[in-house]
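All remarks here apply to the structure that follows.
Residue numbers start from 1 in every chain, and the chains themselves are labelled A, B, ... in the order their sequence lines are given, proteins ahead of strands.
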2 protein chains.
Amino acid sequence: MSERVRPRQERQERRTAHRTEPPPPVTLHTVAAAAGVSPATASRALNGTARVREELRGRVLAAAAELGYIPNAHAQALASASNNTVGVICHDVSDPYFAAIASGVMRAAADQELLVMLASTFRDQGREIAYVSMLRAQRARAILLIGSGIEDRGWERALDAELAPYTRAGGRVAVVSRHRSLRVDTVLPENRAGAAALARALLALGHREFAVLAGPPELTTVADRLAGFRSALAAAGVPLPAGRIVRGAFTRDGGHAAALELLAQGPPPTCVFAVTDVMAVGALAALRERGLRVPDDVSLAGFDDIPLVRELTPPLTTVALPLHRMGHSAITLALREPRTARSRVERIPAEVVLRASTGRPHN
Amino acid sequence: MSERVRPRQERQERRTAHRTEPPPPVTLHTVAAAAGVSPATASRALNGTARVREELRGRVLAAAAELGYIPNAHAQALASASNNTVGVICHDVSDPYFAAIASGVMRAAADQELLVMLASTFRDQGREIAYVSMLRAQRARAILLIGSGIEDRGWERALDAELAPYTRAGGRVAVVSRHRSLRVDTVLPENRAGAAALARALLALGHREFAVLAGPPELTTVADRLAGFRSALAAAGVPLPAGRIVRGAFTRDGGHAAALELLAQGPPPTCVFAVTDVMAVGALAALRERGLRVPDDVSLAGFDDIPLVRELTPPLTTVALPLHRMGHSAITLALREPRTARSRVERIPAEVVLRASTGRPHN
DNA sequence: ATGTTAGCAGAAAGCGCTTTCTGAAAGCGG
DNA sequence: CCGCTTTCAGAAAGCGCTTTCTGCTAACAT
C-alpha cells in the first residue's frame, strides 16, 4: 500500500487540527461522528428515508443543529441523481410581462421547495441556447422557456437538438407564450381569439378605421394576434390595409417609433391596436406628443394587461392574460407526475378589458 | 472479493447494452473511451487546465461534440469545490424596482458566464433565511440580498448566523439597498441626501405644506428617506407635523391607501412625497379619485425613478437611482478579487428629476 | 429449544468529475 | 553516451453524499 492511500479517518483528523485559516467544513461525516453513528444512518435520519431508532435520530439531529450542518447539494445531486432546481429562461426580467410570469413561477417554486435559476437572454438566440446547455449541465429538473419564439428554422433546430436529449434523459420542458414548434408542454394564451374579441369590441364601439402596431413578424405571438385581429375585421367587412400595419420592436420604444411612423403616413385611423401593452405604452406617449388625444382623437388598445397599464391616463383597454397564473401553470405542467408520453397544451383564455383609452370614434 | 464489487468498465458495458428505456448517459468516461484516452486527459483537454498533445486534444473535442457530451455541473462542483452560480434574493421580481436591479445583475452574470438563482421572499422573513440556507447548500459563489432590510434584531441575528459561516467558508455576500447592519459588501443609495435634495427642490418651488407617504417604519430605506426629507425641511424652518406622515405598505395599494388616509384627515397639503415610486403610483390614483389635480391642486413626488413613472400623466417627479447599475455593482463588488478583509460600501448617488407632477403651489 | 422473519445500523460502492501523483518518453548539456 | 530535467498521459484518490447490500439482534412462531 503506497503512502498516499490514507483512510478517510486520518484526513478528517488532520482537518480538525487547529488551523485558523480554513475552517473545517462540516460534512455528514462530521455530524455522524459527533452523533456516534455511521454516515449512512446520519443520512437516513436527516432525510427520513428509512426508519432510524428514535434515540439515534435525535442524536443526529442534535449534532447537525449543533454543528450548523448544511448538506452539500452537489453531492446530494450527484449521489441521488436528482435535485431541486428548475431553470427559467426569458428575455428580460425587467420587462413587466416576463416579470409577472416569472413571479408566478417563483411562487409555485417556493411552494415546492424548488430553487429557480433565472436567465435573461436579452433576446439573443445564441445566449438562449447557451443557457439551455448550462441548465442541462446543472441537471435542472425542468427548463421553462418563456416568451415568444421566433420562427427561425435553424434556431428551432438548434434548440431542439439541445432539448431532445434533455427530455430523453428525464428532464422536463415547458414553454410559455411560445408557439409549439417544439414538442413540449405548452402554456399558450389564446392570442388569436383574444385579438379577435378585441377587434369585435372595437367594432362595436363604431370604429371602422384601424391600424396595428405589430412587433417583428417572425414572432409567433405577433403573427397570431395580428391574424386574429385581422380576421375579425374581415368578418365584419372592414379592411385593414397593409400600410396600416406598422412594425416595431417589442418594447416601449418600439411602440413609440411605430406610432410615429404611422402618424407620419397621413391622417390617423380612429383606432390603434398595439399587439402588446408595452408597445401601447410607447404608442400612447407618441400620440400625445403629436397632439392627439386618447380616446377623443384616437382610441388605443393593447394586449396582456400588465399591471402598469391601469395606471396610465387614460387607463388602457387591453386583452387580459392571467400572467401570474401562466407562470404557475408552466411549472406545474412541467413537473406533473406521472410523466405522460404526449406533451400537453394548456390554453389560456384571454379576456377583453375595456378601459378609458377606447371610446366611440368622433366623426 | 464479493460478487458486488464490479469494476466500472463492466457497468459501463452493461449500460451500453441496448435497452430502449433509459438512454445511456454520456459521461466523461464515455468521451474518453471514444477518444481513446484516459478520463484525466479528456478532462484536461476539455477544460484546458493543462497542456495536452494537439492530436489527442482534437480527438477528445471531436468525441465530445459527436456524443453531445454535457458535463455534470454537480460532479464538477463537487470535485473542484467551486461552481459558477450566484444567488439573488429579493422580495418579488414583479416589483419594477427589484426587476430593474435584478436585470442589472443578470446582465453582469451573463458576461461572466454565471448562472443566477433568483429567489423571491414575498416579504416573508422566514423564507429569506430558508433561501440563504438553500443557496448555502448549493455552494453559490455569492449571495446577493436585494431590498430594504427590516430593523428586527432577531431576524438580523438569524440572518447573520446563516451568513457568517458562509462567508467564513469563502462565500461572498453583498446587499443592495439595505442598511449595513450586516457586515458585508453593500450597495447603498444615498437615500438621505436624495430625499433632502428633493425637499429642497420642492421648497424652491414654493411649497411649505408637506405630507409624506412613508412605508413601514422598520424599513431602513423608509427611515433614511424620511429623515433626509425632514431634516431638509427643518433646515428651512418648515414643519412636518407627525400627522402628515402616513404609513402604508411598500406597494402600489399601500400608497393608495395611505393617500386616502391623508386626505381623510382634512385639507391636503400642497405637496406630497411618497417614499417610493411604487407608492406614488397608488397615491396618484388616490388623489385623482378624490378629485384633486396633480400638480395643480397637489404636487406629488416619488423616489427611485422606476421606468413606468415616466409614463404617468403627469410624469412623476422623483429621485433617480441607477437601478440597473446597482445590480451590476452588487455582483461585481461581491466577486471582486482579491477578497479584501474589510467589507466595502458603494454609495450610489441619487439625483432629483423634476417632472410635471410637481409645480408651484396655488395659493 | 430451533427456525424464521423483521427491524435497523454499518460497510462500502459508487455518482461523474478534478487533481494530485507517478512514470514513461523525449529533450538537453556535458 | 549518460544522467538530468521537462512534457505529457494515465492511475487512482477523493469531493460529500445516497443507497444498496450485509449482517446483527430481537421478536415471533413452532
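Counting heavy atoms of neighbouring residues, nucleotides and ligands inside a 6.0 Å radius, atom CZ of R336(A) exceeds 12 of them. Counted within 6.0 Å of CD on E66(B), heavy atoms from surrounding residues, nucleotides or ligands total 12 or fewer; the atom is thus considered open. Counting non-hydrogen atoms of neighbouring residues, nucleotides and ligands closer than 6.0 angstrom, the CZ atom of R339(A) exceeds 12 such neighbours.
Neither OP1 nor OP2 of dC17(C) sits under 4.0 Å from any side-chain N or O of S43(B). Between S38(B) and dA11(D) there is no side-chain N or O to OP1 or OP2 distance below 4.0 Å. For R53(B), no side-chain nitrogen or oxygen approaches OP1 or OP2 of dC8(D) to under 4.0 Å.
Residue contacts for A81(A): at a heavy-atom cut-off of 4.0 Å it reaches no nucleic acid atom on any strand shown.
Counting heavy atoms from C-beta on, the side chains of R139(B) and N72(A) come closer than 4.5 Å.
Remark: C1' of dG10(D) and NE2 of H29(B) are 11 Å apart, rounded to the nearest angstrom. The CG atom of L46(A) sits 15 Å away from the C1' atom of dT19(D) (whole-angstrom rounding). As a whole-Å value, the separation of H74(B) NE2 from dG16(C) C1' is 11 Å. Following rounding to the nearest Å, R44(B) (CZ) and dA11(D) (P) show an atom-to-atom distance of 11 Å.
Distances from the side chain of L78(B) to the nucleotides dG16(C), dT18(C), dC17(D) place dG16(C) closest. The V52(A) side chain lies nearest to dA9(C) when the options are dT18(C), dA9(D), dA9(C). Of all nucleotides listed (dG16(D), dA9(D), dG16(C)), dG16(D) comes nearest to the side chain of T27(A).
In terms of polar N and O atoms assigned as donor or acceptor, the side chain of R139(A) never comes within less than 3.5 Å of the base of dG16(C) in a complementary pairing.
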